[in-house]
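Worksheet: one structure, shown below.
Numbered from 1 within each chain, the chains take letters A, B, ... in sequence-line order.
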Amino acid sequence: MREFHYRRPARVSDALALLGTDPGARPLAGGTNLVDLMKTGVERPALLVDLRDLPLDRIEATPDGGLRIGATATNSDLAAHPDVRRRYPALAQAVLAGASGQVRIMATVGGNLLQRTRCGYFTAPATTTACNKRAPGSGCAAIAGEHRNHAVLGATEHCVAVHPSDMAVALTAFDATVTYETADGTGELPLAGLYRPVGGTPHLETALPTGALITGVVLPPAPVAAASRYRKVRERASYAFAIGSLAAALDVRDGTVRDVRLAFGAVASHPWRARRAERALTGGPADATAFAAAADAELAAARPLPHNGHKLPLLRTLAVAVLTELAQEAAR
Amino acid sequence: MTAPTSSVITLHINGEPHTLTVDHRTTLLDALRERLGLTGTKKGCDHGQCGACTVLLDGRRALACLQLAVATEGRAVTTVEGVADGDRLHPVQQAFLELDGYQCGYCTPGQICSALAVLEEHAAGWPSAVTADLRPEAGPPALTDDEIRERMSGNLCRCAAYPAIVRAVARAAQERPGESGTVAA
């Protein structure tokens with residue numbers, strides 16, 4: 001591990017000054033991903049700016065019925081929050097489906113959004129494997145190698161890694177906005193716009209300005225989210241990354257879909273909002289045939305690799321199962 | 001004069017202050033084991049995947065291998081050495097002992113620290129991934145074997161003593177003050 005300086009500012013402005021002046025500075029929150037990547041040499045910061053003392057850990061209802069989540073709120077506090085469990089249950093389920101109890105207690109919301117892919121070629125301690133995220137231009141070893149859990153949507157010949165977050169999938173389904181600050185002022189991005197398209201530059205992962213610090217996430221009011229669910233398929237019952245996952249919310253009246261939100265996880269370099277499927281369903285019947293057709297419409301753009309084609313039927317089955325459950329519960 | 005990549009810090013461990021100079025790269029786990037002689041906390045994977053290094057920070061579970069020592073200043077650390085009351089074992093420790101909640105014992109300090117926190121988290125009403133009804137009005141779910149397995153899933157046991165670990169946690173849960181004893185063991 002490279003030697004580094006450590007600072008623990010008490011004010012956001014002090015943190016921004018530190019992050020803005022040293023290009024080797026990185027914010028430290030829970031450290032569950034960053035410290036691990038520092039051990040393997042993937043991350044080599046010159047300065048860690050510990051966010052622990054910043055007043056960014058609150059979770060509070062907004063006057064319009066939404067929710068504001070501070071960037072350093074922990075995953076476990078988010079999942080336990082009464083408003084999250086009542087109004088955005090898929091978000092609580094997504095958070096609880098991620099990692100382990102210990103990791104959720106350490107990890108934070110801002111850090112969750114900025115965590116790096118778990119692609120084995122990216123995280124490997126050796127620097128001998130090709131990885132365009134680690135060494136731009138070196139190639140992508142996953143395309144001809146181990147890629148069972150890699151992307152089926154939105155990938156390019158430069159990178160096929162997936163974003164590992166469960167939380168971000170639910171946040172994307174509910175149109176979350178990310179707020180940030182730089183030394184020049186505040187800004188915001190829709191979460192769907194936080195992650196840059198892979199293109200030819202997979203090492204450039206977010207649209208945040210240089211030196212920016214995520215300060216929080218804002219969820220707009222979403223009555224449909226009260227009837228929502230997150231389901232994750234993985235290779236063991238707990239404490240594993242997804243093969244595929246789905247955040248879904250459904251408002252059905254008299255058998256007709258009034259509103260629907262769908263986002264897939266573990267399929268792309270970012271949470272995949274299934275807007276094509278949402279459009280196909282809205283105003284139509286809430287039955288298994290329609291759910292399957294909508295999933296097919298979304299997945300028509302998929303380009304599976306030789307060893308991850310199983311994700312497509314898995315995602316289709318997931319969508320039909322979860323939407324059918326939500327429709328049946330709405331009919332009760 | 002301290003080099004800029006190290007700091008003098010005071011760690012509060014099991015109620016005792018310890019002042020030491022640490023290279024910033026030092027994890028809490030290595031500080032405990034290599035600098036302070038507190039070897040009860042174990043190093044398994046050193047990458048946050050096995051739970052052997054689980055300690056309590058301000059009463060909550062944390063992985064000491066991913067926690068930098070320098071970032072632990074000002075927080076209360078409880079290791080397995082601080083769990084018993086003198087010679088009197090904590091009920092969680094007693095349950096692991098009586099029900100053979102281990103084989104080789106290497107993961108046990110992490111299992112015990114984790115179990116202590118699991119009981120607190122459950123009592124505080126925290127849901128888990130297997131909790132059927134997430135509504136806060138539903139109250140804490142019964143601490144079934146499935147709930148215990150899910151909540152303890154961050155602690156691996158290579159000897160696979162899992163059935164006895166689940167029984168030990170269930171026993172300790174039943175012995176909590178005010179517990180009605182409705183949990184299936």
Inset, instruction - Just give me the residue among A/K39, A/M38, A/Q93 that pairs up with chain B most often, heavy atom to heavy atom, under 4.5 Å. - result: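 Top count of heavy-atom pairs under 4.5 Å with chain B: A/K39.
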Legend entry - Closest-packed option against chain B by number of heavy-atom pairs under 4.5 Å, given A/A92, A/S238, A/A237: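 Winner by heavy-atom pair count: A/S238.
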Contact part of [X] toward chain B, heavy-atom cut-off under 4.5 Å: side chain, backbone, both or neither?
| X | answer |
| --- | --- |
| A/L28 | side chain |
| A/T123 | neither |
| A/D77 | side chain |
| A/D50 | side chain |
| A/L48 | side chain |

Region of [X] in contact with chain A, defined by heavy-atom distances below 4.5 Å:
| X | value |
| --- | --- |
| B/L57 | neither |
| B/E73 | both |
| B/Q67 | both |

Can you confirm whether the side chains of [X] and [Y] place a donor and an acceptor under 3.5 Å from each other?
| X | Y | answer |
| --- | --- | --- |
| A/Q102 | B/T54 | yes |
| B/D23 | B/T26 | no |
| B/T79 | B/N14 | yes |
| A/S245 | A/Y230 | yes |

Just wondering, are more than 12 heavy atoms of other shown residues or ligands nearer than 6.0 Å to [atom1] in [X]?
| X | atom1 | answer |
| --- | --- | --- |
| A/R7 | CZ | no |
| A/R2 | CZ | yes |
| A/R68 | CZ | no |

Legend entry - Any residue of residues 90-115 of chain B which, by heavy atoms, sits under 4.5 Å from chain A: B/S114
Inset, instruction - Say whether, by atom type as modelled, one donor and one acceptor occur between the side chain of A/T117 and the main chain of A/V162 under 3.5 angstrom. - result: yes
Legend entry - Donor-acceptor contact below 3.5 Å, side chain A/E329 vs main chain A/L326: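 Checking the backbone N and O of A/L326 against the side chain of A/E329, no donor-acceptor pair under 3.5 Å is found.
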Legend entry - Residue selection (most heavy-atom pairs with chain A, distance under 4.5 Å) from B/A62, B/S153, B/P127, B/A124: B/P127
Legend entry - Interface residue of largest heavy-atom contact number with chain A, from B/R149, B/E150, B/M152, under 4.5 Å: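 Heavy-atom pairs under 4.5 Å are most numerous for B/E150.
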Legend entry - B/H24 side chain near B/L68 side chain, heavy-atom distance below 4.5 Å: no
Legend entry - Heavy-atom check, side chain of A/L219 versus side chain of A/L91, under 4.5 Å: yes
Legend entry - Closest non-hydrogen atom pair, B/A117 against B/L56: CB-CD2, 3.9 Å
